[in-house]
Amino acid sequence: MPTFSYPATYAAEAARNLRALAGAGQLTEAGAHAIIADLRDATAAMRLVLDRLAAAHTIPGHPAALEAGDELHQVGTALDEARGRLAGAARAADEMTRIDPAGAPAAGGATRGRGWGL
């Protein structure tokens, strides 16, 4: 696991990249699965960072630090739900790439219930 010397710099870079993605204009179906999957993975990474920040703010006898830690845990819980929703969106986007607009399976693709393990 890499050791980061400048976590604030990495956080600023991640925020900048997300703002760039948000301002990229209209996102199309092409590549949507990869973007959704990357955002899903980013929520998992954000959860880990928030857990570490929450642990750093768990200072017994310091109410403001405990409140900050609690709020960070609450955000982490919301990210868990977001990650689950993004996982569902990634599955649906993947399925869209396997079915042509007429509803027939794309070449080499599978339909729901056949080859999906569902």
Side-chain angles (χ1 to χ4, degrees):
M1 182 171 187
T3 301
F4 297 110
S5 302
Y6 305 103
T9 301
Y10 292 114
E13 183 180 343
R16 230 182 349 269
N17 288 333
L18 285 171
R19 285 192 299 272
L21 179 61
Q26 184 170 345
L27 300 174
T28 62
E29 184 179 322
H33 178 266
I35 294 169
I36 294 167
D38 285 341
L39 290 172
R40 178 202 59 214
D41 295 344
T43 59
M46 286 176 58
R47 173 63 195 246
L48 291 173
V49 172
L50 289 169
D51 285 346
R52 289 179 185 156
L53 287 169
H57 282 85
T58 306
I59 302 170
H62 197 292
L66 292 173
E67 183 178 350
D70 184 52
E71 291 296 328
L72 290 166
H73 278 298
Q74 293 297 323
V75 173
T77 299
L79 280 173
D80 286 341
E81 182 176 347
R83 183 170 189 252
R85 300 285 183 164
L86 285 165
R91 284 190 299 274
D94 184 51
E95 187 172 332
M96 285 175 28
T97 64
R98 297 174 185 271
I99 299 176
D100 74 15
T111 58
R112 185 170 278 266
R114 191 168 44 112
W116 285 83
L118 299 175

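Computed from heavy atoms alone, side chains included, the values below leave out hydrogens, waters and symmetry copies.
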Identify, with sequence neighbours excluded, every residue that meets side-chain hydrogen bond (donor to acceptor under 3.5 Å, both in side chains) alongside D41.
none
Can you list the residues that meet the side-chain hydrogen bond (donor to acceptor under 3.5 Å, both in side chains) rule with R40, with sequence neighbours excluded?
none
Please enumerate all residues that pass side-chain contact (heavy atoms from CB on, under 4.5 Å) together with D51, with sequence neighbours excluded.
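With sequence neighbours excluded, D51 shows a side-chain contact (heavy atoms from CB on, under 4.5 Å) to R47, H73, given in chain and number order.
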Please name all residues satisfying salt bridge (Lys or Arg N to Asp or Glu O under 4.0 Å) with R83, sequence neighbours left out, ordered by chain then number.
none
What is the minimum heavy-atom distance between G69 and A54, and which atoms define it?
O-CB, 3.6 Å
Please report the shortest heavy-atom distance between L66 and G61, naming the atom on each side.
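Heavy atoms of L66 and G61 come nearest at CD1-N, 4.4 Å.
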Under the 4.5 Å side-chain heavy-atom rule for ILVMFWY, direct or indirect, which residues accompany M46?
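Reading the cluster by chain and number, M46 sits alongside V49, L50, L53, L72, V75, L79.
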Residues 12-22 side chain polar contacts: donor-acceptor under 3.5 Å, at least two apart:
residue, atom, partner, partner atom, Å
N17, ND2, E13, O, 3.3

How long is the gap from CD1 on I35 to CG on L86, to the nearest 0.5 Å?
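Separation between the atoms: 12.0 Å.
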Please assess E95 against R91 for the test salt bridge (Lys or Arg N to Asp or Glu O under 4.0 Å), listing each intermediate value before the final yes or no.
CA-CA 6 Å; E95 187 172 332; R91 284 190 299 274; over 6 Å; no
